[in-house]
Amino acid sequence: DGGITQSPKYLFRKEGQNVTLSCEQNLNHDAMYWYRQDPGQGLRLIYYSQIVNDFQKGDIAEGYSVSREKKESFPLTVTSAQKNPTAFYLCASSNRRGNQPQHFGDGTRLSIL
Amino acid sequence: RKEVEQDPGPFNVPEGATVAFNCTYSNSASQSFFWYRQDCRKEPKLLMSVYSSGNEDGRFTAQLNRASQYISLLIRDSKLSDSATYLCAVNHMDTGRRALTFGSGTRLQVQP
């Protein structure tokens, strides 16, 4: 079954701790994305990557970091610099051509302990 | 002004009703448009792409009005299962940013 797998489903972060959210896709998509969604809000773009070993900041990149060492994987690290990390984090992927829709994983809910 | 705007609702409609949502976008160079459905505490799922000539998928019809810079979604014969939040998404091809920009969503509640 082709799809996007995010893990873990739920994550708790202590003060001063960095945590990493996993995103893996087997759709052979070139592009991958990370969004943050706060309750009752839309999706805000954190980072995106159009190709391996390249990524760009989105609208709210501060306090986050990413890597794209493999086509299938685009992990997101929420650093201690992100003071309000509680949110629903969604990973997506798409064909690199800009006119293609994005498909989402089922998300990770991050909370502060 | 937000790049992509939607009426947050909620739209409360009886079963069988026809309901329409609009989504306005500010960048006239936008080229790709989509509607997503998001259930409570779940990920968004692609409902349909929006084509220039308009397109239909069963009870759902999507239209694009480039002159007024909005897209619309029409749902006919609403079902209880249509209750969800509907997000529009737009791709601005001219900025070099190849990622969708999402509206905040319109919540639909279909009542028996």
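Contacts between B/Phe33 and chain A at a heavy-atom distance below 4.5 Å are absent for every atom of the residue. If you measure heavy-atom distances from B/Arg41 to chain A, the contacts under 4.5 Å come from both the backbone and the side chain. Looking at B/Gln6, neither its backbone nor its side chain comes within 4.5 Å of chain A, counting heavy atoms on both sides.
Between the CG atom of A/Leu43 and the CG atom of B/Leu100 there is a distance of 10.0 Å, given to the nearest 0.5 Å. Rounded to the nearest 0.5 Å, atoms CG (B/Asn91) and OG (A/Ser94) are 8.5 Å apart. The distance from atom CZ of A/Arg44 to atom OG of B/Ser104, rounded to the nearest 0.5 Å, is 9.5 Å.
In this structure, A/Leu11 is a member of the same hydrophobic cluster as A/Val66, with clusters built from ILVMFWY side-chain heavy atoms closer than 4.5 Å. Cluster membership check: B/Tyr86 shares its hydrophobic cluster with B/Leu64, using side-chain heavy-atom separations under 4.5 Å among Ile, Leu, Val, Met, Phe, Trp and Tyr. Both B/Leu73 and B/Leu80 belong to a common hydrophobic cluster when Ile, Leu, Val, Met, Phe, Trp and Tyr are linked at side-chain heavy-atom distances under 4.5 angstrom. Follow the hydrophobic side-chain contacts under 4.5 Å out from B/Val50 and you never reach B/Tyr70; the two are in separate clusters. Linking ILVMFWY side-chain heavy atoms closer than 4.5 Å, directly or via other members, places A/Val19 and A/Tyr47 in a single hydrophobic cluster.
Residues A/Gln102 and B/Tyr36 are in side-chain contact: their nearest non-hydrogen atoms beyond the backbone lie under 4.5 Å apart. Counting only heavy atoms from C-beta outward, the side chains of B/Gln38 and A/Gln37 approach each other to under 4.5 Å.
Pairing each heavy atom of A/Phe88 with each of B/Lys42, the nearest pair is CE2-O, 3.5 Å.
Summarising the local packing, CZ of B/Arg107 is surrounded by 12 or fewer heavy atoms from other residues, nucleotides or ligands at distances under 6.0 Å.
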